[in-house]
Amino acid sequence: MQLEYIGAFDVVLGVLARFWPVWISLVLVMGASFAYKKRLGLYGQLFDSSVGIVGVGICLFWLFTAIFASTVSPFNPLVQIPIMKDALPGAVEPQSGLVYLFGGDKLARDVFSRMVYGSQIVLIIAPAATGFALMVGITLGLPAGYYGGRIDTVLSFLANLVLAFPVILLFYLLVTPGIMETPIPYAMAGLFFLFPIIFFSVLFWTRYKKRPDRLYILLGLTLIVGGWVYAGLVFDADPFRIIHIDPNQLNIFVAVVFASSPGVFRIVRGLVMDIKTRDYVAAAQTRGESPWYIMLWEILPNARGPLIVDACLRIGYTTILLGTLGYFGLGLAPESPDWGTAIKDASRLLRSFIHPALPPTIALMSFVLGLNLLADSLREQSMKD
């Protein structure tokens, strides 16, 4: 049976039409952001520059694409339709009449649907792993920079020890199948995932220790929600089956946190060593505030600008790293629709068929570009602050 094809213009219109929930969401969010930007603090100030607008727009586009992936995608990303093997963009699937907008790959899967579903994997692992790395780096960097001495020496030595390894080699060691079959990833996850619970418990304790009515509520919520997430991620024991992560994804998650935390630690340590000499810190010390109160409520808020910028850049680095691991066949399952794996699969037939490689490559590039533009705009705003 010979496939039918639609024209290039119809392909473009078809792609734009498939993203209809994304366009509606973008119009609503961007419109509301412009209307209320004066009330939105730092987020609203991003819309004062064209760089910030473009960066926010690109990041929101992929965020909404991940949210509405099941609506945007015409096909299941894992379904194989033999007749559509290596089909060119615009091929019409005979049975359903739906179009392979970006063509089919070597396993007869829809390239467009795989690109769309790949955004879910990237937008779950990269930001979440970066968030945990921030928690680890901040929790250890604050006392190292504030106290100095032996605490700083030990923690800085451990951070430098991890940073001494080449990143790719470190990831290769952590995500190889031999390591995945050992308890090492779960032990590391058990350690790293404790840091958010510790961080927020200390945060609320230092702020509300003289107001037990509010303190007990916040601590209780922290322990309940934190324990629920911890049990689901580390032990896969969520009774509601909401919090779950596959073993290979957990391995990559832990590897990202382990490799990124020392960099965050060094940034936080340097910021604390600078900020702790300011007058408002001396005033807090004079009032008799505890060291952890000063670190969390006086120093950390004034270090937010560089940390927010670093978080945006680090998400971009993590996205590229996930793509690199996928390209080398490490980490996620071979059938995964993540962009790195898609690029790896398509690269083997580049001389014959280039169309399966372009969508995930452009998607990865555009998302990282959006994060970099967002980070540039945030950096300009933090310098003004």
- Message: Can you confirm whether or not the ring centre of Phe193 sits under 6.0 Å from the ring centre of Phe253?
- Response: yes
Point to revise | Stepwise ring pair (Phe, Tyr, Trp, His ring centres under 6.0 Å) check, Phe47 with Phe34 | key: CA-CA 7 Å; Phe47 293 87; Phe34 272 105; 5.0 Å; yes
Checking His244 against Asp236: is there a side-chain donor and acceptor pair closer than 3.5 Å? yes
Output yes when a side-chain donor or acceptor of Arg278 lies under 3.5 Å from a complementary backbone atom of Ile299, and no otherwise.
no
Legend entry - Check: Tyr100 ring centroid to Phe75 ring centroid under 6.0 Å: yes
Quiz prompt | is_close_aromatic(Trp205, Trp297), centroid dist under 6.0 Å | solution = no
Can Lys37 and Asp48 be said to form a salt bridge (Lys or Arg N to Asp or Glu O under 4.0 Å), step by step? CA-CA 9 Å; Lys37 66 179 182 178; Asp48 293 333; 3.3 Å; yes
Is the backbone of Leu107 close enough, under 3.5 Å, to the side chain of Lys85 for a donor and an acceptor to pair up by distance?
no
Neighbour count above 12 (heavy atom, 6.0 Å) for Phe195 CZ:
yes
On a heavy-atom basis, the closest approach of Val368 and Gly316 is CG2-O, 3.9 Å
| task | Start with the C-alpha gap between Trp62 and Ser366, add the side-chain angles, then the distance that decides, and say whether side-chain hydrogen bond (donor to acceptor under 3.5 Å, both in side chains) holds. | result | CA-CA 9 Å; Trp62 286 114; Ser366 63; 3.0 Å; yes
- prompt: Side chains of Arg114 and Leu78: closer than 4.5 Å at any heavy-atom pair?
  reply: yes
Only residue of Pro74, Pro77, Pro337, Ser73 satisfying side-chain contact (heavy atoms from CB on, under 4.5 Å) with Asp110 is Pro74
Review point. Is the Phe61-Trp23 ring centre distance short of 6.0 angstrom?
Key: yes
Centroid-centroid under 6.0 Å between Phe19 and Phe112 rings
yes
Salt bridge or not for Glu298 and Arg287, using N-O below 4.0 Å?
yes
Heavy-atom closest pair (Thr206 atom, Leu203 atom, distance to 0.1 Å) is OG1-O, 3.0 Å
- Message: Counting only heavy atoms not in Gln285 (residues, nucleotides, ligands), do more than 12 fall under 6.0 Å from its CD?
- Response: yes
(Q) Under a 3.5 Å distance rule, please check whether Asn160 uses its side chain to pair with a backbone N or O of Ser156 as donor and acceptor. (A) yes
With salt bridge (Lys or Arg N to Asp or Glu O under 4.0 Å) as the criterion, how do Lys106 and Asp86 come out once you've worked through the C-alpha distance, each side chain's angles and the decisive distance to 0.1 Å? CA-CA 5 Å; Lys106 65 178 183 179; Asp86 294 324; over 6 Å; no
